[in-house]
Amino acid sequence: FGGQTPLKLAKDLEAHGVPIIGTTPESIDLAENRQRFGALVDKLGIKQPPNGTATDLDGALRVAKKIGYPVLVRPSYVLGGRAMMICYNQTDLESYMKEAISVSEERPVLVDRFLEEAIEIDVDAVCDGADVLIGGIMQHIENAGIHSGDSACVLPPYNLNGDTDKRLREHTFALARELKVIGLMNIQYAVKDNEIYVLEVNPRASRTVPYVSKSIGIPLAKVAARIMTGKTLKELGLTEEITVDYYCVKEAVLPFVKFPGVDSILGPEMKSTGEVMGIDRDFGVAFAKAQMSVNSNLPLSGRVFISVNNSDKESIVPIAGKLKEAGFDIVATSGTRAYLIKRGIQAEPVAKIYEGRPNVLDLLTDGSVGLMINTPIGRESHENDYEIRRSALLHNVPYTTTIAGATAATEGILSLVSKTIGIKSIQEYHGMLRLKNL
């Protein structure tokens with residue numbers, strides 16, 4: 001229940017004669033050790049992103065060359081995504097290996113192929129060694145590559161197909177039993193082109209446990225504690241997964257406005273300082289409630305600024321079309337604007353920062369933009385758009401840097417425009433769940 005720290009301590013404590021209840025140190029090592037875990041998932045027929053380990057710069061470069069850039073690099077046994085980095089080229093990787101960390105045989109660096117534009121999924125489950133109870137399957141609203149503590153997410157998933165949902169459950173059951181987990185576990189998956197990849201398995205409680213427990217009305221930490229002291233799921237009467245017929249959207253509280261000069265782009269290292277939750281039967285309303293709770297009010301009218309990279313241009317068309325139909329005016333940079341106009345969506349031109357005045361910074365500063373959709377790709381683009389993101393933050397303009405985030409924001413806006421916002425206590429939602437399950 002103490003995060004990553006107890007996992008590190010378990011083996012030494014056991015060696016000194018301290019009894020460890022719940023998941024054994026052997027099972028913990030099986031989940032945490034890269035080579036052993038790789039062999040386990042291969043045995044189960046579950047995919048992982050191409051990966052390798054390295055104990056020096058030459059080794060890291062060899063792995064990256066073999067699996068291809070971009071790569072996600074991180075020390076083993078990390079907490080909160082600390083010292084993680086996405087390296088887009090050899091220069092990035094060399095810089096990381098030389099400056100960011102110390103590497104040894106005992107503490108190798110993990111190098112994974114980074115799956116761009118993948119959907120990330122978190123699953124929290126309780127296992128008693130035989131039976132498995134899935135607490136919740138959470139879909140991250142931002143794409144894979146953003147730390148799970150920083151990403152908005154929704155329970156249940158809002159746009160996964162039924163087959164993917166089914167296979168996620170099957171993989172979770174198989175991993176829990178093979179690892180002989182006794183208590184809580186958290187699994188992170190990525191879904192890309194309908195293929196499921198397991199990113200990591202944490203045989204412990206995750207920061208998502210309070211969120212899942214509040215969503216389904218079951219105190220998972222209490223259940224897991226009883227399992228660890230010898231109870232079974234059958235004895236506790238928890239043999240069926242609780243399915244909810246409403247959406248619970250978790251949003252991260254991010255402190256960027258208090259730190260001048262800090263870039264608000266999210267990545268694999270966790271930056272959030274808290275979280276909130278919005279609940280509703282309508283996904284858009286639940287998402288909008290979560291945004292209100294972090295003081296990021298979605299606009300009901302006005303102008304939307306759009307500037308997306310080439311790979312996102314096709315995906316932005318339906319989003320821009322929906323916003324236009326809802327009465328919003330679109331302003332866009334030259335490339336994005338030309339693409340939208342060619343597809344029948346009118347957009348006003350706006351200059352990039354280096355193209356003269358008035359430019360996008362002027363629009364953000366004078367309050368004439370209510371929402372910003374800006375999707376950088378690659379290190380250079382991330383750095384070039386820093387001023388735009390910082391200006392949106394300082395002037396309290398809601399913004400998103402991914403198509404997935406833009407899709408969710410659009411759903412929220414359309415729901416706010418067309419639906420009545422209802423309020424219901426969490427106890428009422430739980431009461432309805434109990435009646436449904438009876």
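Please read all numbers here as calculations on a predicted model, not as lab measurements. Note: hydrogens, waters and symmetry copies are ignored here, and every other heavy atom, side chains too, is used.
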Which atom of [X] lies closest to which atom of [Y], heavy atoms considered:
X	Y	result
Asp280	Tyr429	CA-OH, 3.7 Å
Ala10	Pro25	O-CG, 3.8 Å
Leu93	Ala60	CD2-O, 3.6 Å
Ala205	Phe1	CB-CD2, 4.1 Å
Pro398	Asn396	CD-O, 3.6 Å
Asp112	Ile67	C-CD1, 3.7 Å

Practice task
Would you tell me whether Thr365 and Asp362 have side-chain atoms, one donor and one acceptor, within less than 3.5 Å of each other?
Solution key: no
Problem - Side-chain donor-acceptor contact under 3.5 Å, Ser215 with Tyr246 - result: no
Tell me whether the count of non-hydrogen atoms from other residues, nucleotides or ligands lying under 6.0 Å of [atom1] in [X] goes above 12.
X	atom1	value
Glu94	CD	yes
Arg226	CZ	no
Lys313	NZ	yes

Measure the shortest side-chain to side-chain distance between [X] and [Y] over non-hydrogen atoms and say whether it is less than 4.5 angstrom.
X	Y	answer
Asp163	Arg167	yes
Leu168	Tyr189	yes
Leu175	Val41	yes
Leu371	Ile413	yes
Pro299	Phe328	yes
Leu340	Ile316	yes
Val276	Val253	yes
Thr400	Thr375	no

Practice task
With side chain to side chain contact (heavy atoms under 4.5 Å, CB included) as the test, would you mind laying out the steps for Met185 and Asn202 before giving the verdict?
Solution key: CA-CA 6 Å; Met185 69 182 295; Asn202 295 304; over 6 Å; no
Exercise for the section: Report the C-alpha separation of Met138 and Val154 in whole Å, then their side-chain angles, then the decisive distance to 0.1 Å, and conclude whether the side chain to side chain contact (heavy atoms under 4.5 Å, CB included) test is met. Expected result: CA-CA 5 Å; Met138 298 152 271; Val154 56; over 6 Å; no
Between the main-chain N or O of [Y] and the side-chain N or O of [X], is there a donor-acceptor pair closer than 3.5 Å?
X	Y	value
Ser272	Gly149	yes
Thr336	Val308	yes
Arg204	Gly2	no
Ser315	Ile403	no
Ser415	Glu411	yes
Thr402	Gly405	yes
Thr164	Leu160	no
Asn359	Leu361	yes
Ser293	Lys289	yes
Thr24	Ile20	no

Problem - Test side chain to side chain contact (heavy atoms under 4.5 Å, CB included) applied to Leu110 and Val73, step by step - result: CA-CA 6 Å; Leu110 312 180; Val73 285; over 6 Å; no
Exercise for the section: Find out whether the Lys NZ or Arg CZ of Arg343 is both under 6.0 angstrom from the six-membered ring centre of Tyr339 and within 45° of the ring's axis. Expected result: yes
Exercise for the section: Give me the ring orientation class for Tyr158 and Phe283: parallel if the planes are under 30° apart, tilted from 30 to 60°, perpendicular past 60°. Expected result: parallel
What is the distance from atom [atom1] of [X] to atom [atom2] of [Y], rounded to the nearest 0.5 Å?
X	Y	atom1	atom2	answer
Leu155	Met277	CG	CE	9.0 Å
Leu44	His171	CG	NE2	9.0 Å
Thr401	Asn309	OG1	CG	11.0 Å
Arg177	Thr172	CZ	OG1	10.5 Å
Asn374	Ile306	CG	CD1	11.0 Å
Lys192	Leu115	NZ	CG	6.5 Å

Practice task
Starting from the C-alpha separation in whole Å, work towards a yes-or-no answer on salt bridge (charged side-chain N to carboxylate O under 4.0 Å, His left out) for Glu178 and Lys43.
Solution key: CA-CA 10 Å; Glu178 192 69 25; Lys43 174 185 169 185; 2.6 Å; yes
Using a strict cut-off of less than 4.0 Å between a Lys/Arg side-chain nitrogen and an Asp/Glu carboxylate oxygen, indicate whether [X] and [Y] qualify as a salt bridge.
X	Y	result
Glu200	Arg74	yes
Asp165	Arg169	yes
Lys180	Glu26	no

Exercise for the section: Check the pair Ser95, Asp92 against side chain to side chain donor-acceptor pair (under 3.5 Å), reporting the backbone distance first and the verdict last. Expected result: CA-CA 5 Å; Ser95 173; Asp92 288 349; over 6 Å; no
Handout entry: side chain to side chain contact (heavy atoms under 4.5 Å, CB included) between Tyr211 and Glu275, intermediate numbers included
Key = CA-CA 9 Å; Tyr211 158 56; Glu275 55 190 38; 4.3 Å; yes
Exercise for the section: Mind running side chain to side chain donor-acceptor pair (under 3.5 Å) on Gln291 and Asn297 for me, showing each step along the way? Expected result: CA-CA 6 Å; Gln291 299 310 304; Asn297 294 314; over 6 Å; no
Could you list the donor-acceptor pairs under 3.5 angstrom formed between side-chain atoms of residues 120-133 and any protein atom two or more places apart in sequence or on another chain?
from   : atom 1 : to     : atom 2 : distance (Å)
Asp122 : OD1    : Asn186 : ND2    : 2.7
Asp122 : OD2    : His140 : NE2    : 2.6
Asp124 : OD1    : Asn186 : ND2    : 2.9
Asp124 : OD1    : Thr208 : OG1    : 3.3
Asp124 : OD2    : Thr208 : OG1    : 2.5
Asp128 : OD1    : Ala130 : N      : 2.9
Asp128 : OD1    : Asp131 : N      : 2.7
Asp128 : OD2    : Leu233 : N      : 2.9
Asp131 : OD2    : Lys234 : NZ     : 2.6

